[in-house]
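Working notes for the structure below.
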Amino acid sequence: HPEPDTHDEL
Amino acid sequence: MNIFRLVGDLSHLLAIIILLLKIWKTRSCAGISGKSQILFAVVYTTRYLDLLTTYVSAYNTVMKFVFIVASYATVYLMYVKFRATYDHNHDTFRIEFLLVPCFILSLLINHEFTVLEVMWTFSIYLESVAILPQLFLVSKTGEAESITSHYLFALGSYRALYLLNWVYRYMAEDHYELIAIVSGVVQTVLYCDFFYLYITKVLKGKKLQLPA
């Protein structure tokens, strides 16, 4: 699964 | 966004507000670890470096801004404005023993060897142990004011709710971030004995007394 490029969590 | 993460973020925000109100209203930071607050300021600074470069959502940007401002305001209140009430005799945890290992680990284990990503990873590792000076202070003084225990309960609950958020995201979106998950488990485990004392004592109206 692709590593998330931006962290969308706080 | 899911309900677990939303309630988790609100619990986090509540904890920060409880702490600021406690210090501001009582004009005292007795029983609060300034070292933990410094670590939290470092956590938000290193995690939100992309605040001005990456836009995720208005909610995300506003919350990041609030967390950074509130953490520095708390450090300011503790070390400047109400410095006379700061319990430096008991707040003696050596935070360099947390900062250095977390930094080294973030250089070794990360998703991508870039400044932003290593700083984000460092902040994740540091957040998982940032509460240790506070728990150490409570164990040294043997007790905590009830407002302080409410602060700790809200703060500990936030990452526990994030664990549920990660379970949900894995099941619903096939998305997981192992570094955040492992650190989040460590962070939540550190609160376990406090959670036990909080539920068995504070919720019954008793003071949080640690067994001597």
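All values below were derived from every heavy atom in this structure, side-chain atoms included, with hydrogens, water molecules and symmetry-related copies excluded. Computed from a predicted structure; not experimentally measured. Letters A, B, ... are given to chains in the order of the sequence lines, protein chains preceding strands, and every chain is numbered from 1.
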More than 12 heavy atoms of other groups within 6.0 Å of Y168(B) OH: no

N165(B) and E9(A), any side-chain heavy atoms less than 4.5 Å apart: yes

Choice from T54(B), D50(B), D9(B) maximising heavy atom contacts with chain A below 4.5 Å: D9(B)

Point-to-point distance, once rounded to the nearest 0.5 Å, from CG of D8(A) to CZ of R169(B): 4.0 Å

Taking every non-hydrogen atom, the tightest pair across R159(B) and L10(A): NH1-O, 4.2 Å

Proximity of residues 55-71 of chain B to chain A, residues having a non-hydrogen atom under 4.5 angstrom: V56(B), Y59(B), N60(B), M63(B), K64(B), F67(B)

Residue pair R47(B) / H7(A), side-chain heavy-atom distance below 4.5 Å: no

Residues, nucleotides or ligands: over 12 heavy atoms within 6.0 Å of F195(B) CZ: yes

Option in Y44(B), Y48(B), Y162(B) with maximal non-hydrogen atom pairs under 4.5 Å from chain A: Y162(B)

